[in-house]
Amino acid sequence: MLNDRLVELFRWVDPGPATDHLVSDVSGWWRDPEVLAGLGPALVAPFRTARPTVVLAPAVTGLLLGPLAATALGVGFVPAYKVADGRLPAGAVTWADSPPDFRGRRVTLGVRDRHLSPGDRVLLVDDWVATGAQLRALREICAARRAEVVGASAVVADCPPEIAAELGVRALVDAARLLG
């Protein structure tokens, strides 16, 4: 089962004495061909009946997951760029700042206007949802572009149930399973 394999391939890594927290290592997911083949269909399964017309996902991990999900739906993919990445998209861009994330950071996300149209039905995709900060920024961009968000799909949910419900998050794995 995909969910069990995701848990099996996941690792917590201690980055050393300069930090006070462990870092998630999801690289095993990308190395496993069965996981790669299953992620797109699994991420979109709860949202097929909502008929998304596009998948929107934030850099960096979203640039892998988003196309997998879009391919499974037979729709296009739109990346959301982060100012902090230093690769700003050319042309007209709609930007939004996230609220503080789990480390108190704010992220500025941008989407090329020509790729997100009024009337689009958008499925948001990300690897990990802790506070919903990036999803909130993506929802703001969609609202500014008059696109409708039909829900959000994640590999891991690490957020309170009320945030998941508010943002329409469906996840493949609950973060509590990764603590073992």
In one Ile/Leu/Val/Met/Phe/Trp/Tyr side-chain cluster, 4.5 Å: W95, L56: no
Given T71, L65, V75, the one that forms side-chain contact (heavy atoms from CB on, under 4.5 Å) with V55: V75
L172 side chain near V156 side chain, heavy-atom distance below 4.5 Å: no
Side-chain (R11) to main-chain (E8) donor-acceptor, under 3.5 angstrom: yes
Flag side-chain contact, heavy atom, 4.5 Å: Y81 against R112: yes
Lys/Arg cation over aromatic F47: R51, 6.0 Å, 45° cone: no
Test item: side-chain donor near acceptor, T131 and D101, under 3.5 Å: no
Carboxylate-amine/guanidinium proximity below 4.0 Å for R136 and E166: yes
Within-4.5 Å side-chain heavy-atom neighbours: P58 and D126: yes
Side-chain heavy atoms of E148 within contact of V122, under 4.5 Å: no
Centroid-centroid under 6.0 Å between W30 and F10 rings: no
Atom pair CG (D120) and OG1 (T53), whose distance is rounded to the nearest 0.5 Å: 3.5 Å
Main-chain N/O of A50 paired to R121 side chain as donor or acceptor, under 3.5 Å: yes
